Each structure stands twice: as structure tokens, then as C-alpha cells.
There are 2 protein chains.
Amino acid sequence: MWKYAVMAMTKAVSIRAMNRERINEAVLAAARDQIAASGANSLSMRAIARELGMASSAIYRYFESRDALLTKLIIDSYDSLGRAAESAEARISRDDPGGRFRAICHAVRRWALANRHEYFLIYGTPVPGYQAPQDTVGPATRVADLMIALLVESDMARPRLSQSVAATPATAALHRALAPIRAGVSNEISDAELASGLSVFSALFGAVSFELSGQLHNVIKDGEASRRAYFDSQIDGWLAVLSW
Amino acid sequence: MWKYAVMAMTKAVSIRAMNRERINEAVLAAARDQIAASGANSLSMRAIARELGMASSAIYRYFESRDALLTKLIIDSYDSLGRAAESAEARISRDDPGGRFRAICHAVRRWALANRHEYFLIYGTPVPGYQAPQDTVGPATRVADLMIALLVESDMARPRLSQSVAATPATAALHRALAPIRAGVSNEISDAELASGLSVFSALFGAVSFELSGQLHNVIKDGEASRRAYFDSQIDGWLAVLSW
DNA sequence: GATTGTCAAGAGCACTGCTCACAAATAGGT
DNA sequence: ACCTATTTGTGAGCAGTGCTCTTGACAATC
């Protein structure tokens with residue numbers, strides 16, 4: 001069926017496919033605008049349709065449901081954040097792990113500040129009843145992958161302390177707890193280091209979430225200068241935890 | 001007007017006032033049930049009215065609007081969490097700051113696990129358009145107050161290192177950033193310590209949020225034993241940051 | 001016993017996600 | 001060029017939402 005269409009060069013992609021693609025993008029753009037303006041909560045299918053000048057029911061030709069639209073937006077947001085972190089990290093000299101770590105942290109915060117509602121779309125309250133489909137896990141781990149790579153790499157370069165920790169019940173339990181992530185991480189890196197890395201990772205998002213959700217109000221002075229100074233002091237703390 | 005009512009002893013509180021109080025509590029209870037079942041997002045005034053067997057419009061005699069109800073629920077949640085943390089901390093010997101810190105962390109996590117939706121009500125995505133009224137700030141800081149007290153107290157007991165940090169531009173900026181919280185905190189405690197304390201505080205909520213929103217899926221083994229082992233390892237890290 | 005303030009109910013407005021039957025546009029094969 | 005099958009758009013409609021306003025009933029006060 002497609003064989004002939006492809007052969008017919010000029011209409012390799014049909015007008016329909018092109019239109020479909022165009023409208024699909026327009027729907028997503030309108031949705032992103034709406035989310036940026038007032039959050040995912042108030043994302044309205046009808047409002048998108050109005051914006052695009054089409055019947056409210058027509059939207060459902062492009063996205064099966066509101067949830068499906070949301071899923072697509074979530075994946076895109078993860079990708080956008082991942083791209084931002086990756087490109088910021090890539091700009092730093094390879095032999096400066098501390099600098100690369102700093103770059104990732106600042107990239108995450110910058111992206112979050114510039115896209116608050118998209119940030120909360122992925123790191124905010126989980127939507128009740130909404131089960132994250134499998135497609136979201138890949139993009140979701142881009143930032144984490146970056147940090148794990150950094151952790152492993154800098155661990156290889158570090159002189160082995162060969163400090164075999166005493167096998168207490170606690171360390172054994174931690175070892176079992178880390179089993180799932182172990183599947184994808186070098187065995188060179190110790191349980192303690194891996195756990196520290198994860199902890200710093202969640203601390204990063206805790207810090208960003210606190211700033212974005214206004215929990216720092218009346219605690220840290222408003223304004224980018226102060227907020228950034230405090231964030232920098234936090235990064236120093238995390239670097240110390242990772243002994244960098 | 002009330003003068004006579006009060007004088008009439010037996011009916012100091014009228015039947016009306018009592019009924020009103022009873023229904024008010026019933027509305028709140030139904031609302032909490034609904035939130036526990038499916039989150040704040042899907043809290044419905046009509047559903048509450050149905051539950052209580054009254055007309056949908058009658059609810060508005062008790063709460064001016066959905067937002068007003070939400071505000072009351074938020075305050076109650078902050079109080080509930082604060083109470084949980086306080087009573088857990090109070091059970092630990094006064095001369096064991098590390099133990100008291102651990103108790104607070106575990107209390108926060110336990111409360112969050114037992115009241116996930118209420119947790120996200122206060123530490124999740126801020127509701128767009130919803131401005132937290134002034135009444136919420138008091139209860140909101142109960143856990144933080146507890147930790148700051150601990151920080152100050154244990155700092156007094158610690159031998160002064162009198163390490164006057166070099167006054168770099170960064171330390172000066174951090175000092176300015178911390179101005180708001182300084183208003184309510186002893187000057188004995190240094191900027192660096194205060195910032196570390198805050199950072200650990202947000203890390204705690206970052207860790208709890210990560211666990212509750214499923215970000216640890218495929219990372220840390222499911223089940224309370226593993227989750228708790230990982231959480232304990234995080235507490236150890238935070239204790240180290242605070243040099244306890 | 002009359003008055004006054006309070007409360008519940010019902011109807012209604014404007015909105016939401018979503019479905020369905022139908023009409024228009026476009027595709028492919030003859 | 002024609003015919004048929006698929007795809008896209010439409011409008012009506014269902015069931016739900018928060019919220020308002022009027023109306024009638026009742027309890028508390030005088």
C-alpha cells in the first residue's frame with residue numbers, strides 16, 4: 001500500500017499526514033501555553049479546541065483523552081529538562097567533575113525556574129488515577145543517568161580506599177535495597193557511594209521544589225542573587241558529601 | 001444580644017451552634033476521606049454534599065468556597081504533621097540531638113506514608129491561583145521550628161571552633177540571602193550552619209517526595225524494609241553534614 | 001405571639017471530559 | 001474520471017463540576 005506512495009516521490013508524505021502533523025504540533029503548543037499560564041490542573045481540551053478554532057470534539061482525533069495529552073507533555077518535559085542538563089554538562093571540561101556536577105545542578109534549577117509548571121508536571125503531585133505509562137521511564141532518567149555516569153567515572157579515577165565497610169545488618173539491608181539500580185550501574189562503585197549519589201540527587205530536586213513552591217518565602221531573601229547564592233552554598237554541601 | 005444568652009447558663013451554646021459545629025466537622029471528615037481516597041485535585045463540593053445527604057448548595061453555608069475548604073484542610077494537615085514530629089521528638093532523651101533529629105525525620109516520613117494525599121496537599125504542586133492565606137504560615141513552620149531549635153541548642157553545646165570564615169563575595173551573598181530567617185534565629189549560629197540546616201531540611205522533604213511520588217521505582221527495592229534502610233542511610237548522611 | 005436571623009433546598013449558569021451519528025474531505029485502485 | 005474506503009471535522013448530547021440566587025421552613029429572640 002505504501003510502496004506506491006513512496007515511489008511517487010512528490011507525495012511521499014501525503015497532504016493528510018502533513019496536516020495531521022501540523023495540527024498535532026499546534027495542539028501541543030496550545031497545551032504547553034495553557035500549562036505555562038496556569039498549570040496542568042487547569043489544562044482544558046475544550047479551551048485548546050477554542051484556541052485552534054475547531055470543534056471541541058475534534059481534539060479527540062489527535063489525542064485519545066486528556067490523560068494521553070498529558071502523557072505526551074510529560075515525556076516532552078522530561079526530554080526538555082534532560083537536554084538542558086546534558087548540554088550544560090557537555091560544555092564543561094571532562095576532567096572537572098565538580099564543575100560538571102555544578103553545571104547539571106544549575107541547569108536543572110534554571111530550567112525549572114523558566115518552566116515552573118512543566119517542572120511540577122513531572123516532579124509535582126502525581127495525578128491521582130494517572131498511571132505513568134512505560135514510555136515515560138526512558139526520558140525520565142536522563143538527568144539521573146548523567147549524574148550516575150559522573151559518579152562512576154570520577155570513582156574510577158579516584159585512588160581506591162579499599163575501605164571494606166563492616167558488614168552490619170544496616171549495610172546488608174542497604175545492599176538489598178539498592179538491588180534494582182545495581183542492574184544498570186558498575187560494580188566498581190560502593191553501596192555507600194551509590195546511596196550518597198541518589199540522596200544528593202533527590203536533595204537537588206527537593207531544593208528546587210522548595211524554591212519553586214514558595215517554601216523559602218520569609219526564609220531566603222527574594223531575588224535571583226540571593227536565591228542563587230543559597231543554591232550555590234547547597235551545591236558546595238552536596239559536593240562535600242560526594243567528596244569532590 | 002449574647003449577654004442574655006450567656007446568662008441563661010443551660011443554653012450558653014445554642015442548639016444551632018452545636019448543630020453547626022457537628023455538620024462542620026462532618027464536612028471536614030468527608031473532605032478528608034475524599035482527599036485520602038483520590039487526592040485534593042478531585043475534591044468535590046457536590047460529592048461531599050451527596051455523602052452527607054444534603055443539597056449541594058447547603059455546603060456553602062459552612063465553607064464559603066472550595067478554596068476556603070482547602071485552606072482549612074491545609075492548615076489541619078500542617079498541624080497534624082507538626083504534632084507528629086513534635087511528639088516523636090519529645091520522646092527522645094534531651095541530650096541526644098542525633099536521636100532527636102532521627103526521630104523527626106522518621107516521623108515526617110511515617111506521617112507522609114500514612115497520609116500521602118495530605119502530604120501532597122501541603123508539599124506538592126502549588127494550586128494555581130490559590131494564594132496561601134496568612135493563617136497557614138504559623139502551622140507550616142512547626143517542623144522547621146523544631147529543627148532550628150535543635151540546631152541552635154546543639155550548637156550552643158558544641159565547643160566553639162571560632163573558625164571565622166574568609167569573607168569572600170560568596171559568603172557575603174549568603175549572609176544577605178539568609179537575612180529573613182535571621183530575624184528569628186539566634187546569632188550564635190553561623191551562616192554556614194544555618195544554610196546547612198535549611199539544606200538538610202529541604203533534602204528531607206525531597207527524599208520523602210521522591211519516595212511518595214514513585215521516583216524510586218526501579219531504583220530502590222519496593223517494600224518498607226528496603227525503603228527504610230535507604231532512608232536511614234540518608235539520615236546518616238544528613239547527620240554528617242550537620243557534624244553530629 | 002410576632003419578628004428576626006439562620007439554614008436547607010431547588011433551579012439555573014457556565015464550565016468540564018467525552019461519545020456518537022453524521023457530513024465533508026481526501027486517499028487509493030480501477 | 002469515477003468510485004469506494006478511510007480519515008477528519010461538526011454539532012448535539014450526557015453526566016459531571018463550582019457557584020449563585022430565590023424561596024420556603026424553622027429556631028431564637030423579643
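So that the names make sense, note that chain A is the first sequence line, chain B the second, and so on, each numbered from 1. A quick note: this is a predicted structure, and the numbers were derived from the prediction, not measured.
- In this entry the distance linking CZ of B/Phe63 with C1' of D/dC19 reads 16 Å, nearest Å.
- Aromatic ring pairs are classed by plane angle as parallel below 30°, tilted from 30° to 60° and perpendicular above 60°; the pair A/Phe205 and A/Tyr119 is parallel.
- With rounding to whole Å, A/Arg22 atom CZ is found 10 Å from D/dG9 atom P.
- Between the CG atom of B/Asn41 and the P atom of C/dG17 there is a distance of 13 Å, given to the nearest Å.
- The CZ atom of A/Arg46 sits 17 Å away from the P atom of D/dG9 (whole-angstrom rounding).
- Counting to the nearest Å, the C1' atom of D/dT17 and the CD atom of B/Gln34 are 12 Å from each other.
- Candidate nucleotides C/dT16, D/dT8, C/dA8 were compared by shortest atom distance to the side chain of A/Arg20, and D/dT8 ranks first.
- Between the side chain of B/Ser199 and the backbone N or O of B/Ala195, no donor-acceptor pair lies under 3.5 Å.
- In terms of phosphate contacts, B/Ser57 brings no side-chain nitrogen or oxygen within less than 4.0 Å of OP1 or OP2 of C/dG10.
- Close to C/dG17, at under 4.0 Å from its OP1 or OP2, lies a side-chain N or O of A/Ser44.
- Nearest nucleotide to the side chain of B/Ser65, out of D/dC19, C/dC18, D/dG11: D/dC19.
- Of all nucleotides listed (D/dT22, D/dG18, D/dT10), D/dT10 comes nearest to the side chain of A/Ala58.
- Map A/Tyr62 and A/Ser56 each onto its nearest nucleotide of DNA chain D; the residue landing nearer the 5' end is A/Tyr62.
- Picking from D/dT17, C/dC7, D/dG18 the nucleotide with the shortest atom distance to the side chain of B/Ala47 gives D/dT17.
- The side chain of A/Ile23 sits closest to D/dG9 out of D/dT17, D/dG9, C/dT16.
- Between the CG atom of A/Asn24 and the P atom of D/dT8 there is a distance of 10 Å, rounded to whole Å.
- With C/dG17, D/dC19, C/dA9 as the candidates, the nucleotide lying closest to the side chain of A/Arg66 is C/dG17.
- Across all strands, B/Ile59 comes closer than 4.0 Å to no nucleic acid atom at all (heavy-atom distances).
- A donor-acceptor distance shorter than 3.5 angstrom exists from the side chain of A/Arg66 to the backbone of A/Leu43, with no hydrogens or angles considered.
- For the pair B/Met45 CE and C/dA8 P, the interatomic distance rounds to 13 Å; values are reported in whole Å.
- Contact check on B/Arg83 versus B/Asp79 returns no salt bridge, with no Lys/Arg side-chain nitrogen under 4.0 Å from an Asp/Glu carboxylate oxygen.
- Following rounding to the nearest Å, B/Ile48 (CD1) and C/dA8 (C1') show an atom-to-atom distance of 17 Å.
- Distance alone, capped at 3.5 Å, places no donor-acceptor pair between the B/Ser213 side chain and the A/Pro126 backbone.
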